[in-house]
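As structure tokens, the structure follows; a few thoughts come after it.
Starting from 1, each residue takes its place in the sequence as its number.
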Amino acid sequence: MGHPPADTTIDLHIALKAKNENALIDALIEVSSPGHPKHGEHLSREEVAELVAPPSDVLELANAWLEHHGVHPSTISTKHGGSWLTLMGVPVSRANELLNASYQLLPAALVEHVQNVAPTTHFGFPRTPRQEPLMHRGRATTEQTKVPGGEPGTVLSSRDQDVTPSSLRSFYKTSRYVPLAAGWNMLGVAGYNDDWPSPDDLRHFMNHYRFDATDATYRLVQIKGGGYSPNNPTNEANVNIQYTSAIAYPTTNIFYSTGGSETVGDPFINWLNHVLGLLSVPQTVSTPYGMPEHTVPPDYATHVCNLFAQLGARGVSVLFSTGNDGVGRGNCLVQDSSGNSRVQFLPAFPSTCPWVTSVGGTTGYNPEVAASLSGGGFSVYFPRPSYQNNVVPTFLLNIGGQYNGLYNPGGRGVPDIALQAMNFPIVFKNELWEVSGTSASTPTAAGIISLLNDYRISNDRPPLGFLNVLLYGICLEGLNDITSGSNPGCNTDGFSAVPGWDPVTGLGSLDFERLVAILSRW
């Protein structure tokens, strides 16, 4: 891919560091920790903006520098308390002049206050890398039985059988729950890369698999040129909408079609800027996208991760898939800063961000075991967060020297949880197909979390918000530990699922009824 013409215009984003860089994460942990006086006191848009605001003199310096280089103040917008400057419609030639690819023209007094500029070295995504579900033509499910709640459905009795909404609701124990806060509780599905669902496919899916929810629908929100052609959906979007809807119906479901390119900017940042700018945010968000962590610059990853932390502080549970490549695809050769190649396991970003909940994959029933495609491992960019300190060292101690040098033992471990990921029937362009992957497990998990948020809201309690402090703490007893299976990749056998946390299935899968019992006490 060559350089764009010099007269091409882009939106240039400059992220300035907060005056107190620890304030946001401190607040996030406080509102997410049961027993803390501020637990559940999620922040408003304005309160988050105040936490991440840069020093006023830095903002003045940045604006003066931009004006000096011919950027008119009318083309500059500020967001997130001034920590985020957007220069609209900047010619590529001017962007090159401003940044010279290495920030050489930034004043020395400003350099230390700039966290990230996008797009520069990470110049948008020609295609947003995603965790594409494995897909083939399916078959109509024929084995029917009654499950709790009286709904006909498929028995999940073998690893080769389709996993349907009925079997998922029975297995993870949501079938008996009737949502009571559907008018207040919202479930968002983030879509990128010209992915969007079909309302007709959703209707046909519900007619086939959940006939008490045939009126299920979703609200479409288009961001930064995000497209929508309901007659030309993608399987990625369909599996997300069909399974979030089937699990959480009649919860309000929102699909975000988000644009991203050299001219309109990075898709993750576009989505985050939109949602963070809302007064009312969805309480749960499913995002089945990612890319190998090493393919994005560390400063970009850190900035995007901090934006997800802002969502958590506002009470949003953000779930990301860990991918379908086990510990990594192919030979896993990575170049270091000197240009030398070495083998390294390849966890997926943004699931490696410590402030999101990463979802791996399982398969089977009695027992539920790790799906071999389940992405997992350890971040190179992000150190292990404190909420993992009670579980990850045990795994590392037991694995000993196996795979030394292929992963970062001090890094944030993924996944956090794992759910069914194999043999999901979907309706795609009015035909039955079958998909597998963490793109299926993630919306399933998001649907269950959304029901937990419904329970909280209907009992006049705050939503769960950032999940991981709960999952690794009081909610640990509400999870099903997965103790067998592995995630091969990088020409290795990968990691193995073991009792306790592991980088294949995390802490395990969700038991809705046990989690409700635990959360009823908080």
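Proximity of a side-chain donor or acceptor of D195 to a complementary backbone N or O of T234 within less than 3.5 Å is not detected. Proximity of a side-chain donor or acceptor of E67 to a complementary backbone N or O of V71 within less than 3.5 Å is not detected. Judged purely by atom type and a 3.5 angstrom limit, S317 has no side-chain atom pairing as donor or acceptor with the backbone of F466. Between the S450 side chain and the L187 main chain, no donor and acceptor come within less than 3.5 Å of each other. Formation of a donor-acceptor pair under 3.5 Å by the N459 side chain with backbone atoms of Y455 is found in this model. Between the R461 side chain and the L519 main chain, a donor and an acceptor come within less than 3.5 Å of each other. When atom types are taken as modelled, the side chain of D454 and the backbone of A181 share a donor-acceptor pair closer than 3.5 angstrom. Side-chain atoms of N240 never come within 3.5 Å of backbone atoms of V189 as a donor-acceptor pair (strictly under, hydrogens ignored). With hydrogens and angles disregarded, no donor-acceptor distance shorter than 3.5 Å links the side chain of T295 to the backbone of M291. Distance alone, capped at 3.5 Å, is enough to place a donor-acceptor pair between the Y218 side chain and the P197 backbone.
Counted by atom type alone, S198 and N238 present zero donor-acceptor pairs between their side chains at under 3.5 Å. In summary, the side chains of Y407 and Q344 do not present any donor paired with an acceptor at a separation below 3.5 Å, with no hydrogens or angles considered.
Among residue pairs with one or both ends in residues 40-52, those qualifying as salt bridge (Lys or Arg N to Asp or Glu O under 4.0 Å) are K19-E50; sequence neighbours excluded. Residue pairs meeting the salt bridge (Lys or Arg N to Asp or Glu O under 4.0 Å) criterion with at least one member in residues 508-517, sequence neighbours excluded: K173-D511, D511-R514.
K17 approaches V114 most closely through the heavy-atom pair CE-O, 3.8 Å. Annotation for G375 and T322: closest pair O-OG1, 2.9 Å, computed over non-hydrogen atoms. Contact between A190 and T287 at its shortest, heavy atoms only, is CB-OG1, 3.8 Å. The two atoms that bring A421 and G361 nearest to each other are CB-CA, 3.7 Å, heavy atoms only. Closest non-hydrogen pair, Y192 versus Y289, comes out as N-OH, 3.0 Å. Nearest heavy-atom pair across G360 and S374 is CA-OG, 3.4 Å.
When the side-chain contact (heavy atoms from CB on, under 4.5 Å) test is applied to S229, the partners found at least two apart in sequence or on another chain are W196, N232. Legend: residues meeting side-chain contact (heavy atoms from CB on, under 4.5 Å) with N273, ordered by chain and number and at least two apart, are H13, K79, H80, W84, I269. In this structure, the side-chain hydrogen bond (donor to acceptor under 3.5 Å, both in side chains) partners of T352, at least two apart in sequence or on a different chain, are E293. When the side-chain hydrogen bond (donor to acceptor under 3.5 Å, both in side chains) test is applied to T442, no partner is found at least two apart in sequence or on another chain. The salt bridge (charged side-chain N to carboxylate O under 4.0 Å, His left out) search around D416 returns R412, not counting sequence neighbours. Y387 pairs by the side-chain hydrogen bond (donor to acceptor under 3.5 Å, both in side chains) definition with N468, not counting sequence neighbours. Take A301 and apply the side-chain contact (heavy atoms from CB on, under 4.5 Å) test, not counting sequence neighbours, and it matches V296, F349, Y381, F382. Every residue two or more places apart in sequence or in another chain that forms a side-chain contact (heavy atoms from CB on, under 4.5 Å) with L515 is listed here: L452, C475, L510.
To the nearest 0.5 Å, atoms CG (N306) and SG (C353) are separated by 7.5 Å. Interatomic distance, I448 CD1 to L419 CG, rounded to the nearest 0.5 Å: 5.0 Å. With values rounded to the nearest 0.5 angstrom, S257 atom OG is found 7.0 Å from D194 atom CG. We find the CD1-CG distance between I417 and L479 to be 7.5 Å, quoted to the nearest 0.5 Å. Atom CG of L66 and atom CG of L85 lie 6.5 Å apart (nearest 0.5 Å). Here the CG-CG distance, from L43 to L311, works out to 12.0 Å after rounding to the nearest 0.5 Å.
Looking at P350 and C305, their side chains never come closer than 4.5 Å, going by heavy atoms from C-beta outward. Counting heavy atoms from C-beta outward, K224 and P267 have side chains that stay 4.5 Å or more apart. Within the 4.5 Å cutoff, side-chain heavy atoms of L507 are placed close to those of Y472. Between L451 and F512 there is a side-chain heavy-atom pair separated by less than 4.5 Å. A 4.5 Å side-chain heavy-atom check between F424 and T444 finds at least one atom pair inside the cut-off. The side-chain heavy atoms of T505 and P415, taken from C-beta on, include no pair separated by under 4.5 Å. Between I25 and W355, the closest side-chain pair of non-hydrogen atoms falls below 4.5 Å. L51 is not listed as a side-chain neighbour of N20, based on a closest heavy-atom distance of 4.5 Å or more.
Ring centroid separation for the pair F378 and F345 does not come in under the 6.0 Å cut-off.
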Could you go through V318 and T357, starting from their C-alpha distance and side-chain angles, then the distance that decides it, and tell me whether this counts as side chain to side chain contact (heavy atoms under 4.5 Å, CB included)?
CA-CA 6 Å; V318 181; T357 299; over 6 Å; no
Could you go through the side chain to side chain contact (heavy atoms under 4.5 Å, CB included) check for L168 and Q420 one step at a time?
CA-CA 8 Å; L168 291 169; Q420 294 286 323; 3.8 Å; yes
May I have the step-by-step check of side chain to side chain contact (heavy atoms under 4.5 Å, CB included) for I247 and T244, ending in yes or no?
CA-CA 5 Å; I247 300 296; T244 51; over 6 Å; no
Full working for side chain to side chain contact (heavy atoms under 4.5 Å, CB included) between L276 and L307
CA-CA 8 Å; L276 286 168; L307 292 177; 3.9 Å; yes
Apply the test side chain to side chain donor-acceptor pair (under 3.5 Å) to residues T217 and N253: give CA-CA distance (whole Å), side-chain angles for both, the deciding distance (0.1 Å), then the verdict.
CA-CA 7 Å; T217 186; N253 210 340; over 6 Å; no
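W271 and F308 have tilted rings, their planes meeting at an angle from 30° to 60° on a 0 to 90° scale.
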Please set out all donor-acceptor pairs under 3.5 angstrom arising from side-chain atoms of residues 27-35, sequence neighbours excluded.
residue : atom : partner : partner atom : Å
S32     : OG   : L28     : O            : 2.6
S33     : OG   : I29     : O            : 2.5

Donor-acceptor contacts, no H, no angles, side chain residues 277-285, under 3.5 Å, sequence neighbours left out:
residue : atom : partner : partner atom : Å
Q283    : OE1  : M186    : N            : 2.7
Q283    : NE2  : W184    : O            : 3.2
T284    : OG1  : N453    : ND2          : 2.9

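No more than 12 heavy atoms of other residues, nucleotides or ligands sit less than 6.0 Å from atom CZ of R219.
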